> 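Can you read through this structure? Questions will come right after.
Each residue takes its place number in the sequence, starting with 1. Model, not experiment: these values are computed from the prediction.
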Amino acid sequence: MAADSRLGSHISSSWDVWSDFIDPFELGVCALIAVGVFVFVKLRGGRAAEHIHLPLREFNKGHSFSPTDLFAYPSYCNICEENVVEGFRCDACGTVTHAVKCAQVAHAQIRCKALSSFGPIMKHHTIKGNLPLNSMCCVCFKECGHAPRLCDFRCVWCKRTLHEDCLPQLPEECDLGPHKQFIIPPNGVKVKLVGIRPRRQTVVNSVRPPEAADWTPLIVIGNRKSGSGDSAAIMGTFRRVLNPGQVIDVNSVKPEEVLDWINLLPEYTCRILVCGGDGTVGWILNTIEKLKLNPRPAVAILPIGTGNDLSNVLGWGATVALPIDIDALFDRIARAKLCKVDRWAVEVRTYTRIGIPLSPPKSFISNNYCSMGVDALVTLNFHRKREQIPKFFASRYMNKFLYFSYGTMDVLERACYNLNEKVSLECDGKAIELPTMEGIVFLNIPSWGAGVDVWNLNRGAALPQEIDDGYFEVFALYSSFHIAQMQVGLSTPHRLCRAKSATLTLHKSNVPMQVHLVSRFEF
């Protein structure tokens with residue numbers, strides 16, 4: 001009993017001392033804050049562990065109007081119904097307005113194409129006027145929309161046209177038209193609110209697939225900074241056919257958010273159409289690998305970049321003609337066969353003179369080729385100038401001219417002269433003797449420098465070079481003038497070897513490098 005009494009007395013006195021220093025109210029506030037922080041971190045961590053959601057902030061802004069200097073056929077304002085020569089057209093639903101004031105009214109009065117309209121059936125979404133030339137009514141099969149005024153209707157999803165008098169006879173359900181196998185129906189898209197105020201946002205929660213055996217949804221990813229800057233007009237063409245949420249600019253929405261469509265449709269193989277150059281394609285492929293998507297989507301390319309080497313090798317062409325024939329393109333995508341492409345890991349390590357690592361290794365992924373020296377120097381100068389003056393690089397042909405200009409400058413400067421004295425090369429464990437050179441290239445695909453089959457250049461019998469054989473080709477460049485000669489077929493590369501792995505060691509000086517090869521290159 002005495003021991004228990006002393007213990008109780010000790011506890012009581014300890015509390016008295018503690019309460020002299022800490023106020024119980026302050027202790028309660030601190031505990032409440034700690035619990036709040038714990039719950040907040042748990043909620044954020046749990047959401048991130050599941051997947052990254054596709055936000056709808058870019059698709060809830062109403063119409064996506066683009067200025068049009070001259071309409072291809074007679075058009076009329078959907079607000080004041082007057083003739084429009086120069087005005088605005090919505091990329092998604094095709095609403096036309098002739099002034100900024102009318103465009104503001106259109107946001108409030110005319111409903112645009114919706115990403116989500118969750119419901120049991122897919123309904124038509126009709127808009128008055130501005131029908132294509134030679135339109136036929138889907139009800140009475142007579143010509144419609146030809147009167148010189150805003151008349152008759154068209155569905156923004158299935159593209160059917162009809163007279164105003166025939167509108168009551170139009171069936172309630174819409175079949176999404178001839179390209180329905182690529183479209184995510186808005187009535188199957190369910191959204192939800194996530195996060196806490198003031199950062200709460202609407203995201204795609206789930207997708208209910210349509211009852212179609214050949215349904216392969218298409219996600220179009222564009223980059224408005226690629227090539228000649230035609231991406232905005234091209235994406236507008238796709239928005240008029242697909243669900244607006246399927247057509248996304250990576251400068252506005254992160255690639256990780258775009259690819260949430262694949263997470264939402266795990267039982268279907270989605271197709272991705274990348275509208276950009278080789279850099280944009282590599283960016284999307286890296287993101288797919290980073291997210292470990294299952295099943296992996298099939299990637300097609302619409303070449304609007306400057307070089308487009310990968311697109312050319314895979315059969316999508318070196319350039320694209322505008323305006324796009326959307327029917328022919330969708331037919332090519334539907335008939336395209338799947339193929340595999342080697343992708344190489346490039347690891348960069350930095351050491352002191354006595355072999356001590358200076359920093360953690362940096363890793364890159366290469367699809368086309370990896371180069372060091374004069375070839376990379378020209379690309380580096382071009383990239384720096386494009387970042388400074390992006391509007392000056394709005395033409396694919398101007399970009400090629402600037403590449404030529406920087407190459408011509410290096411003919412005089414020769415900044416990478418005697419590169420062979422600064423580096424050593426080992427391929428598949430064997431030392432490679434290097435000639436007097438200013439550049440070295442590790443080539444993965446049979447296309448380099450905007451379409452040159454450089455490995456087989458001026459050879460009697462072409463050597464087998466595949467994009468999925470597990471090998472890359474190595475060749476040397478004598479100078480930037482040597483590059484220009486190969487571009488027009490007047491010279492050949494100095495072929496070094498074919499290999500599965502390589503180690504390139506830079507002994508001194510700084511040399512430009514570009515990654516456009518599982519291989520490791522040590523610098």
> I'd like to know if D469 and K340 make a salt bridge, using a cut-off of under 4.0 Å between side-chain N and carboxylate O.
no
> Could you give the side-chain donor-acceptor pairs of residues 90-106 under 3.5 Å, partners two or more places apart or in another chain?
residue: D91; atom: OD1; partner: S66; partner atom: OG; Å: 3.0
residue: D91; atom: OD2; partner: S66; partner atom: OG; Å: 3.0

> Return the minimal non-hydrogen interatomic distance between I272 and I262, and the atom names on each side.
CD1-CD1, 4.3 Å
> Any ion pair linking R296 and E289 (charged N to carboxylate O, less than 4.0 Å)?
no
> Can you give me the closest heavy-atom contact between I301 and S311, atom names plus distance?
CG2-CB, 3.7 Å
> When you check the side-chain N and O atoms of D453 and N456, is any donor under 3.5 Å from an acceptor?
yes
> Would you mind reporting whether I467 and D342 have side-chain heavy atoms less than 4.5 Å apart?
no
> Can you check whether I183's main-chain N or O pairs, donor with acceptor, with W215's side chain at less than 3.5 Å?
yes
> Over 60° means perpendicular and under 30° means parallel, so classify the ring planes of H107 and H63, tilted if in between.
tilted
> Is there side-chain contact between P297 and T269, with at least one heavy-atom pair below 4.5 Å?
no
> Kindly give the heavy-atom pair with the smallest separation between C77 and V84, and that separation in Å.
N-CG2, 3.4 Å
> In Å and rounded to the nearest 0.5 Å, what is the CG to CD1 distance from D152 to I127?
14.5 Å
> So how far is it from D249 CG to I221 CD1, rounded to the nearest 0.5 Å?
10.5 Å
> Is it the case that the side chain of R154 and the backbone of G129 share a donor-acceptor pair, with hydrogens and angles ignored and the cut-off at 3.5 Å?
yes
> Tell me, please, whether W157 has K113 positioned over its six-membered ring: NZ or CZ under 6.0 Å from the ring centre and within 45 degrees of its axis?
yes
> Write down the atom of P303, the atom of V320, and the distance for their closest heavy-atom approach.
O-CG1, 3.4 Å
> Parallel, tilted or perpendicular, judged at 30° and 60°: which one describes the rings of F475 and W455?
tilted
> For L293 and T287, run side-chain contact (heavy atoms from CB on, under 4.5 Å): C-alpha distance rounded to whole Å, both residues' side-chain angles, the deciding distance at 0.1 Å, then the answer.
CA-CA 9 Å; L293 298 177; T287 305; over 6 Å; no
> Side chains of N223 and N251: any donor to acceptor distance under 3.5 Å?
yes
> Is the distance between the ring centroids of W261 and Y268 less than 6.0 Å?
no
> Kindly compute the distance separating CG (L70) from CD (E86), expressed to the nearest 0.5 Å.
8.5 Å
> With no hydrogens and no angle check, do the side chains of N286 and R343 hold a donor and an acceptor under 3.5 Å apart?
yes
> Which atom pairs, one a donor and one an acceptor, fall under 3.5 Å between side chains of residues 330-338 and the rest of the protein, sequence neighbours left out?
residue: D331; atom: OD2; partner: R335; partner atom: NE; Å: 2.9
residue: D331; atom: OD2; partner: R335; partner atom: NH2; Å: 3.3
residue: R332; atom: NH2; partner: G315; partner atom: O; Å: 2.7

> Let me see the working for R498 and Q465 under side-chain contact (heavy atoms from CB on, under 4.5 Å), right down to the final yes or no.
CA-CA 10 Å; R498 299 178 73 236; Q465 185 184 10; 5.7 Å; no
> If we ignore hydrogens and angles and just use 3.5 Å, is the side chain of N308 paired with the main-chain N or O of T319 as donor and acceptor?
no
> How many angstroms lie between atom OG of S206 and atom NZ of K192, to the nearest 0.5 angstrom?
9.0 Å
> Which pair of non-hydrogen atoms, one from M235 and one from I248, has the smallest distance, and what is that distance?
SD-O, 3.8 Å
> Within a 6.0 Å radius of atom CZ on R240, are there more than 12 heavy atoms belonging to other residues, nucleotides or ligands?
yes
> For atom OH of Y471, is the number of surrounding heavy atoms from other residues, nucleotides or ligands below 6.0 Å larger than 12?
no
> Counting only heavy atoms not in N134, do more than 12 sit closer than 6.0 Å to its CG atom?
no
> Around atom NZ of K128, are there more than 12 heavy atoms of other residues, nucleotides or ligands at under 6.0 Å?
yes
> Establish, from distance only, whether the side-chain atoms of D309 and N368 form a donor-acceptor pair under 3.5 Å.
no
> For the residue pair C275 and F238, what are the closest heavy atoms and their distance?
SG-CE1, 4.1 Å
> Considering only NZ, NE, NH1 and NH2 on the basic side and carboxylate oxygens on the acidic side, decide whether K123 and E172 come within less than 4.0 Å.
yes
> In terms of heavy-atom contacts, does NZ of K180 have more than 12 from other residues, nucleotides or ligands at under 6.0 Å?
no
> Can you check side-chain contact (heavy atoms from CB on, under 4.5 Å) on D468 and C339, steps first, answer last?
CA-CA 9 Å; D468 60 349; C339 67; over 6 Å; no
